[in-house]
Amino acid sequence: MASRRALIGTAVGAAILAIGAASLVSNLGLREFAIDDEYAAGSAIPPYTLSAPEGTPQSLAVTAESFEARLTTPEGGTEATSHEGAAAIEWEHGPSGQSALELESSSAVSVRGTLYSQADPIFLAYDGFVMISGLVIMGFSAGFGRRRPRGF
């Protein structure tokens, strides 16, 4: 029969392992980001930067009195366009990589749409570390169930 301390440690370790595995599964593949942003006149608009595989469609609807959009694609091309009123900005990723859309306007700007991006690889490493820590906790707990170490 395992001790109470071993059972509690095993349950906590299993819960941490399950949380890490669930997070890993949610970070795989493409993630959809619904954009609904409002920017006041004269405020800085951060660039919309995303990584996506080839053929991923991206679309944003931008509304302002006038604005300039600069799209940098993975193949290294930069396309700058000027718009007045509402405009739909749509593009499809060529090769896999990172694209950035920068908007500049002196009037109020409304940005709506959907962007698809891959999760940052560092999050996959974090999930791996969480799962490893759950396994370590379970291992120590199993050791406590076999015999009681000195000093405890």
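This one's a predicted model, so the numbers in the text were calculated from it and none came from an experiment.
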D120 and Y126: side chain donor to acceptor below 3.5 Å: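 Side chains of D120 and Y126: no pair found under 3.5 Å.
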Pair S51-Q118, side-chain donor/acceptor within less than 3.5 Å: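 On atom types as modelled, these side chains do not qualify, holding no pair under 3.5 Å.
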Beyond-backbone contact of [X] with [Y], side-chain heavy atoms, under 4.5 angstrom:
X	Y	result
D37	Y48	yes
S117	L30	no
R70	E104	yes
T114	E32	yes
Q98	L50	no

Rounded to the nearest 0.5 Å, how far does [atom2] of [Y] lie from [atom1] of [X]?
X	Y	atom1	atom2	answer
L71	L103	CG	CG	10.0 Å
I16	I132	CD1	CD1	13.0 Å
T63	E84	OG1	CD	13.5 Å
T10	L17	OG1	CG	12.0 Å
H83	I89	NE2	CD1	4.5 Å
D36	S110	CG	OG	6.5 Å

Under 4.5 Å between side-chain heavy atoms, counting indirect links through other Ile/Leu/Val/Met/Phe/Trp/Tyr residues: same cluster for [X] and [Y] or not?
X	Y	answer
M131	F123	no
L28	F33	no
I35	V109	yes
L60	Y116	no

Neighbour count above 12 (heavy atom, 6.0 Å) for E65 CD: no
